[in-house]
Structure formats: C-alpha cells, structure tokens
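Here the structure comes first, spelled out in structure tokens, and everything after it is commentary.
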Amino acid sequence: RRRHLWDAAMGGAAGRWGWRLLALPLLPSRASEITFKLPDSAKQCFYEDMAQGTKCTLDGHYDVDCRLEDPDGEVLHKEMKKQHDSFTFTASKNGTYRFCFSNEFSTITHKTVYFDFQVGEDPPLFPSENRDSALTQVESACVSIHEALKSVIDYQTHVRPREAQGRSRAEDLNTRVAYWSVGEALVLLVVSIGQVFLLQSFFSDKRTTTTRVGS
C-alpha cells in the first residue's frame, strides 16, 4: 500500500527542513511518494523508523546530492547530482534512518525532487497459508492483473515527476526568452535613436564665423 501522509518538524538552520514519515506498524509494507521543490543552497532531510531485517528501496529523480544514513550516522548510500537513482538495502539495525537531498552546490537553480521510499515487501494477493491446493485459474489471472496494475502505477508515478521537471524547465526557458526579447527590444530602440541623431549631425548646416582683421 502507498501512503501520502507525513508530518514536518522544522530543525537546523533557516531554510532547512526535516520530515518524519509516518510509520504504520499494522501494515506489512508501506511506501511514501513525495515531490517537492528544493531551493538553491538548501537541504531537505527525511526520517523513517525501521526494524532490523526490513528490506527498503529508495527510488527517484533528483538531479541533486542524495545521502542515506543509518541510525548511527554511517553512510549507506551517496550519490552526487544523479538524474535517476535506485538503491535497495536491508536494515541492519533498529532505529531511525535518515536520507537527505542537498542542492547546496547550486546558487541559482531550484530543483524538483521526487522520491519513492518503499519499506517492506507487498504481501501476496492470495497467501499460501492454510491452502491445500494451488491457485485456481481465476486466482492466477487476478495475480497477473494485480502485478500488471502495479507496473502501470509505477510507470505513471515515474512519468509524473518527469512531466513536472519538463514543465518547470519550459517555464524557466520561457521566462528567460521573454527577458531576452525585452532586452533586445531596448537595445534596438537605443541604437535606432542613436542612428537618427548621428544622421542628423551629418546633414545639419554648420555655421562658420569669419573674422576680418583690419590693418
């Protein structure tokens, strides 16, 4: 199951946030999908409480620095300015794991960050416990459809941040083109006015003053 609920707790320097993902112990598997804007020179961290032996996967589109640490602060995974990244690991100890996204290397560009953090594995659609026979044809078809739908959801989820990034870049490019056009128009206006005054100076009558010196 996927969840989109989280609570925020502000900490550290101004402009830096820490988010703790809600832990739902009743669910054997849980996942969080978050898309957010990361300003330039900013850092955003997220926290997840996990038990030892839990399999986890961090997948997303960043284009920023990504760092994953265990409860003791040991770095488990680190990537620098990677467009797409996927990392799977098994928690080696109980505690709070932290993963941070940093755009501190950039002083101008804002980034759109998307990540999908999956904790645990999805339970089977038809558990094998207390079953004396194999799956029926209908049940097998349901399992196939279920897996296909999960793949469709994953594809749609990955397309969504790409569309958001493309739209953001297009809007930024449109703004730059608009500013450039206004600048060109102002330059052309100044050059045109200068040429007019220059041509006037060529065709204007020059008055000369003659002074007669008497003997």
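- The aromatic ring centres of F36 and F46 sit less than 6.0 Å apart.
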Exercise for the section: Go through the steps for V119 and T54 under the test side-chain contact (heavy atoms from CB on, under 4.5 Å), then give the verdict. Expected result: CA-CA 7 Å; V119 179; T54 304; 3.5 Å; yes

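- Within a 6.0 Å radius of CD in Q52, more than 12 heavy atoms belonging to other residues, nucleotides or ligands are found.
- Residues F99 and F117 place their aromatic rings such that the two centres sit under 6.0 Å apart.
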Exercise for the section: Show your reasoning for whether salt bridge (charged side-chain N to carboxylate O under 4.0 Å, His left out) applies to K81 and D65. Expected result: CA-CA 5 Å; K81 300 175 63 176; D65 296 344; over 6 Å; no

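- Contact of the V64 side chain with the V113 side chain is registered, since non-hydrogen atoms from C-beta on lie closer than 4.5 Å.
- Atom NZ of K78 is surrounded by 12 or fewer heavy atoms from other residues, nucleotides or ligands within 6.0 Å.
- Salt bridge annotation for E69-R67: present, with a cationic side-chain nitrogen under 4.0 angstrom from a carboxylate oxygen.
- Between the side chains of T88 and K55, no donor N or O sits under 3.5 Å from an acceptor N or O.
- Residue pairs meeting the disulfide bond (SG atoms under 2.5 Å apart) criterion with at least one member in residues 94-127, sequence neighbours excluded: C45-C100.
- Inter-residue side-chain proximity for K37 and T112 is flagged as met; some heavy-atom pair is nearer than 4.5 Å.
- The shortest side-chain heavy-atom distance between D40 and K111 does not fall under the 4.5 Å cut-off.
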Would you be so kind as to tabulate the donor-acceptor pairs closer than 3.5 Å made by side chains of residues 183-200, with sequence neighbours excluded?
residue : atom : partner : partner atom : Å
E184    : OE2  : W180    : NE1          : 2.9
S192    : OG   : L188    : O            : 2.7

Problem - Trace of the side-chain contact (heavy atoms from CB on, under 4.5 Å) decision for F115 with I34 - result: CA-CA 6 Å; F115 73 88; I34 298 179; 3.8 Å; yes

